[in-house]
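The residues of the chain are indexed from 1 along the displayed sequence.
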Amino acid sequence: MGALVIRGIRNFNLENRAEREISKMKPSVAPRHPSTNSLLREQIIYPEVKGEIARKDEKLLSFLKDVYVDSKDPVSSLQVKAAETCQEPKEFRLPKDHHFDMINIKSIPKGKISIVEALTLLNNHKLFPETWTAEKIMQEYQLEQKDVNSLLKYFVTFEVEIFPPEDKKAIRSK
């Protein structure tokens, strides 16, 4: 419905508007400098010059057709630096504990761990800190010492605690 309205507005008085645009005065050529005017008047009296200006030189046109320009943009330094820094690690390892349905993960680069592995090692360290030390985690998952220390220091797993009601007025869960 809206297209009909817009088409009606667009085509309203179309012929009159077109006629008005056609009948407008065309822009005139910019005035020339007096010295240029005198040179042009001198050249107009020679008809061979007029013919020379209008004539197409086939030899020059053939030279122009033979010219082929092939250019390539220069590689920016940012792209070169990005290409150097984005190299994939050469060594990979298989993920540990396949019981979490890790279908998409085929191999993990050395020095990195998956989310499931991170949660597993954090939980193991929390439950058994004597056996799951930073050194054992570092050897087991092939990580660097500073990464393991930061992981154990700044990340903890989520823990839910349910406190028993202390008095009889507390709401009991059903």
Side-chain angles (χ1 to χ4, degrees), residues 1-122 137-151 153-155:
M1 187 68 173
L4 291 173
V5 174
I6 291 178
R7 191 177 306 128
I9 293 171
R10 187 178 58 218
N11 293 338
F12 175 73
N13 204 12
L14 183 65
E15 292 177 6
N16 289 341
R17 287 186 288 142
E19 184 66 35
R20 193 178 327 128
E21 196 65 35
I22 291 171
S23 65
K24 278 185 181 176
M25 290 283 292
K26 305 296 183 261
S28 60
V29 179
R32 293 193 172 112
H33 194 268
S35 63
T36 310
N37 262 342
S38 63
L39 287 173
L40 285 174
R41 276 192 223 112
E42 289 175 8
Q43 297 301 323
I44 289 176
I45 57 174
Y46 301 109
E48 63 271 358
V49 173
K50 236 184 196 181
E52 188 71 25
I53 290 173
R55 184 180 62 82
K56 292 183 180 180
D57 191 359
E58 295 301 324
K59 183 178 178 185
L60 293 177
L61 285 175
S62 67
F63 288 157
L64 187 59
K65 289 178 184 175
D66 291 341
V67 172
Y68 177 75
V69 177
D70 184 22
S71 67
K72 295 179 181 174
D73 290 337
V75 178
S76 69
S77 61
L78 294 176
Q79 291 175 346
V80 172
K81 288 180 184 176
E84 291 173 357
T85 58
C86 293
Q87 293 179 355
E88 293 183 22
K90 300 294 182 196
E91 299 177 10
F92 290 90
R93 64 176 178 80
L94 294 175
K96 308 255 186 226
D97 300 331
H98 297 289
H99 61 277
F100 285 107
D101 192 27
M102 297 177 12
I103 297 170
N104 296 337
I105 301 175
K106 302 293 183 217
S107 61
I108 299 173
K110 287 191 178 179
K112 301 197 184 271
I113 56 174
S114 68
I115 297 290
V116 176
E117 290 175 337
L119 291 174
T120 305
L121 74 88
L122 286 172
I137 294 172
M138 182 184 75
Q139 292 170 354
E140 185 76 22
Y141 292 97
Q142 299 173 350
L143 299 172
E144 293 184 18
Q145 181 72 35
K146 64 179 182 77
D147 294 337
V148 173
N149 290 337
S150 297
L151 186 68
K153 181 178 179 183
Y154 295 112
F155 291 94

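Without hydrogens or angle criteria, Glu21 side chain to Ala18 main chain gives no donor-acceptor distance under 3.5 Å. Proximity of a side-chain donor or acceptor of Ser62 to a complementary backbone N or O of Lys59 within less than 3.5 Å is detected.
Taking 4.5 Å as the limit, some side-chain heavy atom of Thr120 sits within range of a side-chain heavy atom of Val116. You'll find the side chain of Leu121 reaches within 4.5 Å of the side chain of Leu151, heavy atoms only. Within the 4.5 Å cutoff, the side chain of Val67 has heavy atoms near those of the Val69 side chain.
If you take CG on Leu14 and CD on Glu19, they are separated by 11.5 Å, rounding to the nearest 0.5 Å. The CG atom of Asp57 sits 11.5 Å away from the CG atom of Leu64 when rounded to the nearest 0.5 Å. Within the model, atoms NZ of Lys146 and CE of Met138 stand 13.0 Å from one another, a figure rounded to the nearest 0.5 Å.
With sequence neighbours excluded, the residues satisfying side chain to side chain contact (heavy atoms under 4.5 Å, CB included) with Leu119 are Ile115, Thr157. Residues passing the side chain to side chain contact (heavy atoms under 4.5 Å, CB included) test with Thr36 are Arg32, His33, Leu40, sequence neighbours excluded.
Under a cut-off of 6.0 angstrom, the local environment of NZ in Lys26 is crowded, with over 12 non-hydrogen atoms contributed by other residues, nucleotides or ligands.
Residues Arg17 and Phe12 share a closest heavy-atom pair of NH2-O, 3.0 Å. Across all non-hydrogen atoms, the minimal contact from Leu143 to Lys112 is CD2-N, 3.8 Å.
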